[in-house]
Amino acid sequence: MRDVIIVGAGAGGPVVAAELAGRGLDVLLLEAGAHATRPGDVWSHFEDDANNPLTGYFRFGPSARSERAWFRELPQNSFIWQSAGVGGTTLHYYGNCPRPYPGAFAGYDQPDRSAYDTAHLFPFTYRELVPYLEWIEAVLPVQTAALGTKEVVFLGGAETLGIPLQKTKDTVGFAYRPQENAILQPGGNAGRTTDSARLRYPLATGCTMCGHCFQGCIQPIAAPRNLIAKRSTANSYVPMALTADAWAAPGRAITLIPDAYAVRVHTELREGEPVATGVTWRLTRTGEYQREDAQVVVLAGGCTENPRLWFNSGLPNPNDWVGRGCTDHDFDAVVGLFDRDTEASKGPGSSARCDFPGHGGLELVGLPPGLQGFALTFSDSGVPGHYTNGRGSRGPWDGPAGRVVGAELKEAFRNGINRMLMVGINTDDDVEAGNRVTMSAFPADENGPVPRLRFRRRERSARTRANREFLAGQAAELLRGAGAKKVYRIDWAPILLHVQSSMRMGRSADDSVLDESAEARWLRRLFVADNSALPNSAGGANPTATTQALATRTAEKIFHKYFGGDPWIGRESPVVSTDPRISRALMERGL
Amino acid sequence: MDLSEIVAALGDLTRDTFNGWTVFVAPGPDAYSVAQGVADWQPGAMEAQAPDYVMLGIDFSLRPPHPLARPIAAALGPALGDVPLPLPSRTLPLDRALAVLLGSDEVIPLSLAVALLLNFLATQVSAESVDGRFLSPFARLTFAEKARVLERLEDPAPELVARIAAETPEAIRPVIAGQLAYVGGVLFVLPAIATYIDWLAFDRRTKTMLKPPTSWWLTGFQPDGPVEGWDDHQGYYQDRQRLES
């Protein structure tokens, strides 16, 4: 029997794995997708190779790319950008690590407290989470981003909005700033040359500003895995977990099984209470089923897959909130065209932002051309000048919101991808019961009945809609201030990239699945440790840092409650994931 | 009647429909763009082989048979009797060709079902589209008419949903409207991705570039080929490299 089985090696699962492995527990980490142990051999800088939604190596599907991606029913115009594999969606994330907004937490008493989703706050205070945020910021590590041309343009526009520069980690008011990113910043030749020979490690360290974040970071070439610039969990927490015996005195290296799709959580009654006891998974390469038992089970398979596994396992759902309350930051995009170079496709995907607590945030988003084509045509507002789907709002952008297609699309790209600038809108959106995961009527796949992810796009709450409109206006003004000659508002349909809170932790047992320690209310010894555990959308801040801090807290709760251990956050100093002991152990073990 | 001839002709109709569709998103100098009244001197969707990308994307999304493909074909076929489908030996009304297909065990690709949706709606938007240049009624539409078709697909009329529902097993009926809206969205993004991504330019096995992608020339992306880094480091904002705790 294992001490702990963790289902899912994305943003959250590896955090729990590394922390508990560092305490000497016997941890099994399951991942449905591939483990790219030599990413330079199997990844590339080509967009279609990585991001083709059906055949790319980052699609949500099995490691054999000849096989179909895993199907999820989307009963509306929407799109999921999610990646399977060790690292999960952090494989293609931009490393943005803003802290959540304090107003999303219990105990917040500032004058703007009514501006947040007050019905679905974190069940503890922001101050309680800060030590865990500080911990993960040190482990990853999180650093202030360097500037490229696009950041200079963006921040120049932000300076015209009449908001101050943010100089603190905590976000306490409207402000702009360079991003705090889980990216090792440029060192040596990085960012200073295009000569590939001079960009190899150790001549270059950290981010080489290649612009290929969404294809997976492998920079600088020849760097040890834990010194790759972008701190995907595949480069940070997973290497730590696999070498825990090398950097922690009681440490014990985890067992990692990739290509293992969890299909059932096992339970039994103990003293009249249901208790999680183990997991069965299907090896996707062979079709073989395997089972192991554990003292504790942790779900970290994502906002869609956790409810699916819950339903397919027949686990209790007495208040019907499993899968409900999904938040997605109700994304939108505002795109500016410029007469000068923005170099939008170069450098890290996003290194500058604005925060508007109570509304959400704006962030600079750089994309390669295929993804930019997606971003310009994915809308719920029809085709400007032809139809609007009842939307097509007007504001400080040009014309009604909607898709950029036809001659307009050709002209926008002819102007140059490096003369565009896109501002992503992360709305502080409300938890709404109707946005939810259920089981689909479509045929089951090899891993069981498939999920259905419903977002009531045109029926979001008044606060969510108002926040999104406010942010779109700010984004357009920012681009105007930066000198854009044309500004498009796209009005994205739901893009399920920042998905949160489908297994939410909450203050009330009436509308939450997890208690304040992230343990399931109706199933002892079962915890959730990914974005789905978040009580809300963290105020609109990118969720990974919040999830990783919460996962660290959850690891501590598990260790204390079921293994008799003492808390360590605030009492010990963290080991940084770039530690040379980890590099050495990885090389010795061929990892 | 030779089923294989009908299957091949329906495949041609599907491709022709997506030829007409993808140039709506990214027009070029091709005949379909010219016919819709919006063309462009630079390469567009046709030159990027976007119809192949779109059809592959639609058909590869779910292991066939897609539960809605056959119901859509059965529901819309009878309304397409005025559309001629040329076979090598003769020309057949589209409804009769579909009836033969539906009477067989052939798996109906979802791409054909989507093409039938576009063509059915095209004949509603313009009765004149049933015959003329190209195989597909949809491909005969103007740019503005194509937009009206997509409007009706993204927000389907209850009559269209009911028509398909009548041919659909009860368990699947609730998904019809949502799936039409989903397809409506996907139809826009796939041609845009196909036109501006690098899918024709690299060898997936060797991870090497076969030729510079046309899209890189169109957009000014990586003019000298793939890079490992850029010399774009502009320092730190106000020289700040650390925030206060």
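Residue numbers begin at 1 in each chain, while the letters A, B, ... track the order of the sequences.
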Fill in: salt bridge (charged side-chain N to carboxylate O under 4.0 Å, His left out) between B/Asp52 and B/Arg15, worked out
CA-CA 8 Å; B/Asp52 290 300; B/Arg15 173 170 296 279; 2.5 Å; yes
Practice prompt. Starting from the C-alpha separation in whole Å, work towards a yes-or-no answer on side-chain contact (heavy atoms from CB on, under 4.5 Å) for A/Met439 and A/Val450.
Written response: CA-CA 6 Å; A/Met439 298 314 292; A/Val450 297; 5.7 Å; no
Given a strict heavy-atom distance threshold of 4.5 Å, which part of [X] is in contact with chain B: side chain, backbone, both, or neither?
| X | result |
| --- | --- |
| A/Asn189 | neither |
| A/Leu199 | side chain |
| A/Leu165 | side chain |
| A/Ala190 | backbone |
| A/Trp43 | backbone |
| A/Gln215 | neither |
| A/Arg177 | side chain |
| A/Thr193 | backbone |
| A/Ser379 | backbone |
| A/Ile221 | side chain |
| A/Arg403 | side chain |
| A/Ala493 | neither |
| A/Gln76 | backbone |
| A/Glu180 | side chain |

Worksheet entry | Check against salt bridge (charged side-chain N to carboxylate O under 4.0 Å, His left out), A/Glu446 and A/Arg68 | CA-CA 11 Å; A/Glu446 62 275 18; A/Arg68 283 181 166 75; over 6 Å; no
Discussion item. Keeping B/Asp198 on the side-chain end and A/Glu47 on the backbone end, is there a donor-acceptor pair under 3.5 Å?
Written reply: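 Indeed, once roles are kept as given, a pair shorter than 3.5 Å links the two residues.
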Worksheet item: Do side-chain atoms of A/Asp445 reach the backbone of A/Trp70 as a donor and acceptor pair under 3.5 angstrom?
Response: no
Discussion item. What verdict does the salt bridge (charged side-chain N to carboxylate O under 4.0 Å, His left out) test give for A/Lys150 and B/Asp232, after you've listed the backbone C-alpha separation in whole Å, the side-chain angles of each residue and the deciding distance to 0.1 Å?
Written reply: CA-CA 9 Å; A/Lys150 68 180 186 298; B/Asp232 194 34; over 6 Å; no
Please rank [options] by heavy-atom pairs under 4.5 Å with chain B and give me the top one.
| options | result |
| --- | --- |
| A/Ser351, A/Gly373, A/Pro368, A/Gly406 | A/Gly406 |
| A/Thr144, A/Asp48, A/Val405 | A/Asp48 |
| A/His212, A/Gln143, A/Arg452, A/Glu343 | A/His212 |
| A/Asp41, A/Asp195, A/Ile417 | A/Ile417 |
| A/His386, A/Glu411, A/Lys169, A/Met209 | A/Met209 |
| A/Ile218, A/Leu155, A/Thr55, A/Leu371 | A/Thr55 |

[options]: which one forms the most heavy-atom pairs within less than 4.5 Å of chain A?
| options | answer |
| --- | --- |
| B/Met209, B/Arg240, B/Gln241, B/Arg242 | B/Arg240 |
| B/Ala181, B/Gly184, B/Pro174 | B/Ala181 |
| B/Phe202, B/Trp216, B/Tyr53 | B/Phe202 |
| B/Glu228, B/Glu244, B/Gln222 | B/Glu228 |
| B/Thr195, B/Leu56, B/Thr208 | B/Thr208 |
| B/Gln36, B/Glu154, B/Gln238 | B/Glu154 |

Which portion of [X] sits near chain A, non-hydrogen atoms under 4.5 angstrom:
| X | value |
| --- | --- |
| B/Val38 | side chain |
| B/Pro226 | side chain |
| B/Pro65 | neither |
| B/Asp59 | backbone |

Item to complete: Identify whether NZ of Lys or CZ of Arg in B/Arg140 sits under 6.0 Å from the centre of the six-membered ring of B/Phe134 and within 45° of that ring's axis.
Response: no
Item to complete: Mind running salt bridge (charged side-chain N to carboxylate O under 4.0 Å, His left out) on A/Arg419 and A/Asp341 for me, showing each step along the way?
Response: CA-CA 5 Å; A/Arg419 289 188 165 200; A/Asp341 291 339; 3.0 Å; yes
Item to complete: Dump the intermediate steps for ring-ring contact (aromatic ring centres under 6.0 Å, His included) on A/Trp81 and A/Phe374, then the final yes or no.
Response: CA-CA 11 Å; A/Trp81 280 113; A/Phe374 170 92; 5.4 Å; yes
Below 4.5 Å, heavy atoms only, C-beta onward: do [X] and [Y] meet side chain to side chain?
| X | Y | value |
| --- | --- | --- |
| B/Asp155 | B/Leu180 | no |
| A/Tyr387 | B/Arg148 | no |
| A/Thr149 | A/Phe154 | no |

Discussion item. Does B/Leu160 form a side-chain contact (heavy atoms from CB on, under 4.5 Å) with B/Phe120? I'd like the steps, not just the answer.
Written reply: CA-CA 10 Å; B/Leu160 176 61; B/Phe120 169 77; 3.7 Å; yes
Discussion item. Below 30° counts as parallel, above 60° as perpendicular, anything between as tilted: where do the rings of B/Phe24 and B/Trp21 land?
Written reply: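 The arrangement is parallel - the two ring planes meet at less than 30°.
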Practice prompt. Test side-chain contact (heavy atoms from CB on, under 4.5 Å) on A/Asn389 and A/Asn77 and set out the steps.
Written response: CA-CA 12 Å; A/Asn389 290 330; A/Asn77 179 14; 5.9 Å; no
Item to complete: Scan B/Val149, B/Thr123, B/Leu121 and name whichever one has a side chain to side chain contact (heavy atoms under 4.5 Å, CB included) with B/Pro137.
Response: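 Only one of B/Val149, B/Thr123, B/Leu121 forms a side chain to side chain contact (heavy atoms under 4.5 Å, CB included) with B/Pro137, namely B/Thr123.
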Practice prompt. Apply the test side-chain contact (heavy atoms from CB on, under 4.5 Å) to residues A/Lys346 and A/Asn418: give CA-CA distance (whole Å), side-chain angles for both, the deciding distance (0.1 Å), then the verdict.
Written response: CA-CA 8 Å; A/Lys346 300 177 180 177; A/Asn418 288 322; 4.2 Å; yes
